[in-house]
Amino acid sequence: METFNHFDPKEIFQDHPESHKIYLEGSIFKEIKVPIREIRINGNKKKDIPKSFYAYDTSGAYSDKNSHININEGLSPIRKNWLLKRKPIHGGATQMGYAKKNIITEEMEFVAIRESHHNLKLFEENNEREKRLQSRNKKFTIPKIITPEYVRNEIANGRAIIPANINHPELEPMIIGRSFLTKVNANIGNSVINSSIEGEIEKLLWSLRWGADTIMDLSTGKDIKETREWILRNSPIPVGTVPIYQALEKVGGIVEDLKWEIYRDTIIEQAEQGVDYFTVHSGILLPYISLTRNRMTGIVSRGGAIMAKWCTSHHKENFIYTHFQELCEIMRHYDISLSLGDALRPGSIADANDEAQFSELKTLGELTKIAWKFDVQTMIEGPGHVPMHLIEENMEKQIEYCHEAPFYTLGPLTTDFAPGYDHITSAIGAAMIGWYGCAMLCYVTPKEHLGLPNKDDVKQGLIAYKIAAHASDLAKCHPAARSWDDALSYARFHFHWEDQFHLALDPATARKHHNESLPEEKNLHTPYCSMCGPRFCSMRISTQIYNAEINL
Ligand SMILES: C[C@H]1O[C@@H](n2cnc3c(N)ncnc32)[C@H](O)[C@@H]1O
Ligand SMILES: Cc1ncc(COP(=O)(O)O)c(N)n1
Ligand code: SF4
Ligand SMILES: [Zn+2]
């Protein structure tokens with residue numbers, strides 16, 4: 001693609017009525033501007049309720065009415081000055097390197113503000129209510145306000161990462177760790193069957209619109225490098241890749257012809273472009289491969305299957321494992337985060353939690369320790385297909401084997417019997433593992449196992465996963481989570497229909513469903529909807545009871 005003139009990017013971000021973008025300033029670093037979406041709450045104009053709600057905002061400059069957007073030029077490089085300034089003062093280091101030296105970076109303050117800003121109490125404290133809602137929370141203590149020092153400490157200890165390549169200055173930093181908001185990744189990218197750069201840009205923009213915290217470009221078709229360049233220059237969120245896919249392309253798809261040197265050159269090429277994290281299949285060792293023989297579905301990881309074929313055909317140990325320190329040195333230089341891939345994740349309910357899977361997980365734990373020596377920020381990838389009763393064991397073993405490095409799981413899918421609806425089968429497992437402490441949920445779309453997702457699949461996958469992530473945050477009693485539910489419930493009980501739509505995850509769909517049976521103009525202040533009608537509306541009857549009490 002030479003130039004982009006296919007559609008107006010800003011149009012994708014216009015269906016957020018009563019929302020506008022504001023920026024919060026740093027206190028350590030005045031030049032940082034942390035984006036937030038402010039949603040206006042209109043109420044009935046009589047009562048003294050908060051006038052706005054602040055929502056975490058992943059959409060970058062695209063949703064800013066005052067910004068200039070040109071896909072051909074890319075986003076403005078907001079981190080450029082931070083990086084330049086820091087280098088002569090402290091020398092270049094990874095976020096983990098700075099954190100270990102007790103240095104707070106711009107990125108750390110940025111994410112601290114981002115994680116705390118909607119930590120605003122919408123309604124007056126109700127101690128009895130707070131006690132009741134937190135009574136069964138045993139797993140987590142998350143601080144009420146996330147400070148830059150708290151962020152630094154979590155990064156220094158390896159419990160959280162800020163994926164931020166020094167060559168991705170367009171990035172708005174975000175943090176992945178179990179003491180922070182649960183994050184969601186969206187996979188995009190072409191395949192040989194289906195491919196266009198503008199189509200991938202469109203999926204990127206839909207991902208941003210629907211709240212993806214990171215994306216992975218999993219392209220395996222044509223123009224892999226050029227596609228990635230367009231994505232990176234226009235992405236305000238971290239971009240991850242699986243470099244072995246492009247390495248395999250370089251050897252014409254012949255697995256046996258792969259070698260470390262080609263893989264290394266691919267890594268450097270992608271590092272120079274600004275990729276923020278790499279999925280690396282370094283934990284699948286030669287002896288583990290035979291453990292998959294009796295599985296129902298073999299090796300389902302793409303990178304894993306490629307590596308297994310290489311190892312068995314040469315009868316040699318995994319070349320990423322044997323060159324792991326060299327890999328870490330390259331990644332440290334760019335501050336690329338390491339996502340240790342789960343090449344042996346189960347691809348069916350029958351294969352969940354088997355020996356192959358957990359053997360690899362142990363190896364990933366050993367590699368984590370090595371990566372940390374190099375100050376490489378690290379997270380661990382997890383399954384896959386797991387029935388609900390076996391999910392908790394995955395989280396427990398990951399924390400134990402991998403020294404509390406953040407967990408990043410695909411789903412997990414809780415059943416295999418619903419192709420076409422795997423965004424739902426997997427959002428169930430994602431909500432559970434998020435609650436147990438998984439830091440980032442990799443979405444699954446309705447197309448899983450069936451084909452390459454299109455932009456509508458991206459939307460459906462993200463909606464399912466934003467729900468899973470938020471439900472996890474509520475269950476973790478994350479201090480920033482519940483205020484959104486409270487604002488929406490208040491609007492619902494008081495029949496502030498407009499507020500209910502504006503606060504909704506998907507405002508247009510909520511409005512459309514409401515208006516299908518009660519047309520908008522006449523009924524927007526109606527104290528009921530078509531579900532029960534005027535006489536049977538229980539919330540209306542409740543209000544009548546309380547109003548009568550007041551009159552007594
Ligand atoms: C590991 C996960 O990545 C998904 N996956 C692999 N390639 C792509 C792509 N080009 N676009 C979207 N998702 C992809 C798989 O469907 C699986 O869910
Ligand atoms: C959570 C997650 N997302 C993506 C991949 C990469 O895909 P693959 O292992 O199939 O190459 C992975 N291993 N885990
Ligand atoms: S999704 Fe399709 S192409 Fe990929 S492993 Fe499954 S069957 Fe093969
Ligand atoms: Zn699957």
Side-chain angles (χ1 to χ4, degrees), residues 163 176 183-194 212-221 238-249 253 255 263 275 277-284 295-310 318 320 337-352 357 360-361 364 379-387 394 398 406-423 425-426 429-430 433-434 438-453 457 461 465:
I176 302 169
K183 302 305 189 296
V184 168
N185 169 71
N187 289 331
I188 62 170
N190 67 23
S191 79
V192 91
I193 320 260
N194 208 325
D213 293 287
T214 76
I215 55 149
M216 291 196 79
D217 175 8
L218 298 180
S219 291
T220 53
V239 176
T241 62
V242 186
I244 203 160
Y245 300 172
Q246 194 190 0
L248 184 64
E249 267 308 289
V255 171
Y263 185 78
V275 173
Y277 64 95
F278 287 149
T279 290
V280 168
H281 297 83
S282 47
I284 172 171
R295 277 183 160 185
M296 178 74 79
T297 47
I299 299 171
V300 296
S301 155
R302 204 148 70 186
I306 295 165
M307 188 47 85
K309 190 174 177 195
W310 187 89
N318 181 331
I320 316 180
S337 295
L338 179 61
S339 189
L340 288 169
D342 52 342
L344 292 175
R345 67 174 176 269
S348 52
I349 293 298
D351 296 343
Q357 189 200 329
E360 180 188 43
L361 188 63
L364 298 185
M379 61 181 168
I380 313 293
E381 290 180 10
H385 293 238
V386 185
N394 274 277
Q398 190 271 342
F407 206 19
Y408 166 34
T409 60
L410 176 67
L413 293 80
T414 53
T415 167
D416 297 339
F417 94 127
Y421 296 90
D422 278 327
H423 58 314
T425 65
S426 65
I433 205 157
C438 181
M440 182 154 80
L441 311 172
C442 179
Y443 86 175
V444 171
T445 75
K447 285 279 167 62
E448 186 73 3
H449 307 113
L450 303 169
L452 192 75
D457 300 315
Y465 274 68

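On a predicted model such as this, the values are computed, not experimentally measured, just so you know. Both ligands and their constituent atoms are indexed starting at 1 by order of listing.
- No donor-acceptor pair under 3.5 Å is formed between the side chain of Asp416 and the backbone N or O of Ser348.
- Those atoms of ligand 2 that come under 4.0 Å of a heavy atom in Tyr245, given as number and element, are 6 (C), 7 (O), 8 (P), 10 (O), 11 (O).
- Using a 4.5 Å heavy-atom cutoff, the side chains of Lys183 and Tyr408 are not in contact.
- Contact detail for Ile320 and Asn318: the closest heavy-atom pair is N-OD1, 2.8 Å.
- The side chain of Cys442, and not its backbone, has at least one atom closer than 4.0 Å to an atom of ligand 2 (non-hydrogen atoms only; side chain from C-beta on).
- The nearest heavy-atom contact from the protein to atom 1 (S) of ligand 3 is His449 CA, 4.2 Å.
- Of the N or O atoms in Asn187, none lie within a sub-3.5 Å distance of an N or O in ligand 2.
- Nearest protein heavy-atom contact of atom 9 (O) of ligand 2 is Ser301 OG, 2.7 Å.
- The nearest non-hydrogen atom to atom 6 (C) of ligand 2, considering only Val242, Leu340, Asn185, comes from Val242.
- By the criterion of a heavy-atom distance under 4.0 Å, the side chain of Glu381, and not its backbone, is placed next to ligand 2.
- Atoms of ligand 2 lying under 4.0 Å from at least one heavy atom of His281, given by number and element, are 8 (P), 9 (O), 11 (O).
- Atom-to-atom distance recorded for Thr415:OG1 and His385:NE2 is 10.0 Å, nearest 0.5 angstrom.
- At least one N or O atom of Gly303, backbone or side chain, sits closer than 3.5 Å to an N or O atom of ligand 2.
- In summary, the side chains of Ser426 and Tyr465 do present a donor paired with an acceptor at a separation below 3.5 Å, with no hydrogens or angles considered.
- Closest of all the heavy-atom pairs between Ile380 and Gln398 is CG1-NE2, 3.3 Å.
- Any N or O atom pair closer than 3.5 Å counts here, and Asp342 shares at least one such pair with ligand 2.
- Between Arg302 and Thr220, some side-chain heavy-atom pair lies under the 4.5 Å cut-off.
- With a 4.5 Å cut-off on side-chain heavy atoms, Tyr443 and Asn185 do not count as touching.
- The distance criterion of under 3.5 Å between nitrogen or oxygen atoms is not met by Thr409 with respect to ligand 2.
- Contact atoms of ligand 2 toward Leu410: 1 (C) (distance under 4.0 Å to a heavy atom of the residue).
- Between the NE2 atom of His385 and the NE2 atom of His449, the angle taken at the Zn ion (ligand 4) works out to 100° after rounding to 10°.
- Side-chain contact, Asp422 with His449: a donor N or O sits under 3.5 Å from an acceptor N or O.
- Remark: ligand 2 atoms within the under-4.0 Å shell around heavy atoms of Arg345 are 8 (P), 9 (O), 10 (O), 12 (C), 13 (N), 14 (N).
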